[in-house]
Amino acid sequence: MALPNTITHQDRLLSVNIADGVELPGAAPGSSITPLFLDRENGVWVLYGKFAPGTRLPTHFHTGVVHFFTTKGQWNYLEYPNDPQTAGSYLYEPGGSVHTFAVPEDATEPAEGFMVVFGANINFVDNEFANIRDAGAIEDSILAAAEKAGLPIPRYIRPKGGAEFTRD
């Protein structure tokens, strides 16, 4: 078999570095995110997150799978206290799972990591529906937070979306 022709030509690689990223407030106090990839159409979001000691995210239901690689610190799901995630841990979360992310109050450093999320998180506070966070909602909140703070629009990868006819 011969080498195939390039179907999707790129003049440059689509690459971002968290060191060059704009860190914005996360959805919960004590958290911040750096967007890396947001695809509204396919419901995929990739973020680098930082979570201060004591940070607790709302309990959430995953509509799709999640991959989380911890790069620094320690955190756990309250539902799984005997399974702490530490620097170097890779976690796979199946769709349909329910979790409450928490960094221990006595942690000596923030927890940090990369997350690749398919679908949405349906968030609950006190067992009551609070909101839905998906790629579109995250992108909207990131753009609003950057504008409010007078920061530049963060550089992240966003696939060209939308539907069009192949011919008239």
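All of these numbers come straight from a predicted model, not from anything done at the bench. When reading the values below, keep in mind they use all heavy atoms of this one structure, side chains included, and skip hydrogens, waters and symmetry mates.
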Undergrad: What distance separates Thr71 OG1 from Glu112 CD, expressed to the nearest 0.5 Å?
TA: 5.0 Å

Undergrad: What pair of heavy atoms forms the shortest contact from Ile138 to Trp45, and how long is it?
TA: CD1-CE3, 3.1 Å

Undergrad: If you group Ile, Leu, Val, Met, Phe, Trp and Tyr by side-chain heavy-atom gaps below 4.5 Å, do Phe69 and Val16 land in one group?
TA: yes

Undergrad: Under 4.5 Å between side-chain heavy atoms, hopping through other hydrophobics if needed: is there a path connecting Leu143 to Ile33?
TA: yes

Undergrad: How many angstroms lie between CZ in Arg56 and OG in Ser31, if you round to the nearest 0.5 Å?
TA: 14.0 Å

Undergrad: Looking at Val125 and Ala130, what are the two nearest heavy atoms and their distance?
TA: CG2-CB, 3.8 Å

Undergrad: Counting N and O atoms only, with roles assigned by atom type, does the side chain of Asn17 sit under 3.5 Å from a partner on the main chain of Ala19, one being a donor and the other an acceptor?
TA: yes

Undergrad: Tell me whether the count of non-hydrogen atoms from other residues, nucleotides or ligands lying under 6.0 Å of CG in Asp126 goes above 12.
TA: no

Undergrad: Which value, rounded to the nearest 0.5 Å, describes the distance between Gln85 atom CD and Thr70 atom OG1?
TA: 5.5 Å

Undergrad: Angle class for the Phe114/Tyr48 ring planes (parallel below 30°, perpendicular above 60°, tilted otherwise)?
TA: perpendicular

Undergrad: For salt bridge (charged side-chain N to carboxylate O under 4.0 Å, His left out), just list the numbers for Asp140 and Arg40, CA-CA rounded to whole Å, side-chain angles, deciding distance to a tenth of an Å, and then say yes or no.
TA: CA-CA 10 Å; Asp140 290 345; Arg40 289 174 177 260; 2.3 Å; yes

Undergrad: Would you confirm whether Asp39, through its side chain, and Glu41, through its main-chain N or O, come within 3.5 Å as a donor-acceptor pair?
TA: yes

Undergrad: Determine, step by step, whether His60 and Arg133 satisfy the side-chain contact (heavy atoms from CB on, under 4.5 Å) criterion, reporting the C-alpha distance in whole Å, the side-chain angles of both residues, the deciding distance to 0.1 Å, and the verdict.
TA: CA-CA 10 Å; His60 53 278; Arg133 302 284 290 170; over 6 Å; no

Undergrad: Rounded to the nearest 0.5 Å, what's the gap from CE on Met115 to CG on Leu36? Could you check?
TA: 9.5 Å

Undergrad: Heavy atoms only: give me the nearest Ala102-Leu78 pair and the separation to one decimal.
TA: CB-CD2, 3.7 Å

Undergrad: Find the distance between OG1 (Thr34) and CD1 (Ile142) and round it off to the nearest 0.5 Å.
TA: 9.0 Å

Undergrad: Nearest 0.5 angstrom please: Asp83 CG to Thr86 OG1, how far?
TA: 11.0 Å

Undergrad: On the 0 to 90° scale, with breaks at 30° and 60°, tag the Phe129-Phe124 ring pair as parallel, tilted or perpendicular.
TA: perpendicular

Undergrad: Going through the distances and angles, do Thr100 and Glu79 end up as a side-chain contact (heavy atoms from CB on, under 4.5 Å)?
TA: CA-CA 7 Å; Thr100 309; Glu79 297 81 4; 2.7 Å; yes

Undergrad: May I ask you to check whether Tyr92 and His67 place their ring centres under 6.0 Å from each other?
TA: yes

Undergrad: How about Glu109: does its CD atom have over 12 heavy atoms from other parts shown lying under 6.0 Å from it?
TA: yes

Undergrad: Do you reckon Tyr77 sits in the same ILVMFWY cluster as Val116, going by side-chain contacts under 4.5 Å, direct or chained?
TA: no

Undergrad: Assign the ring pair Phe68 / Phe101 to parallel, tilted or perpendicular, where the plane angle (0 to 90°) is split at 30° and 60°.
TA: tilted

Undergrad: Is Leu14 reachable from Ile18 through a run of hydrophobic residues whose side-chain heavy atoms are each under 4.5 Å from the next?
TA: yes

Undergrad: Same hydrophobic cluster for Val66 and Tyr80, using side-chain heavy-atom links shorter than 4.5 Å among ILVMFWY?
TA: yes

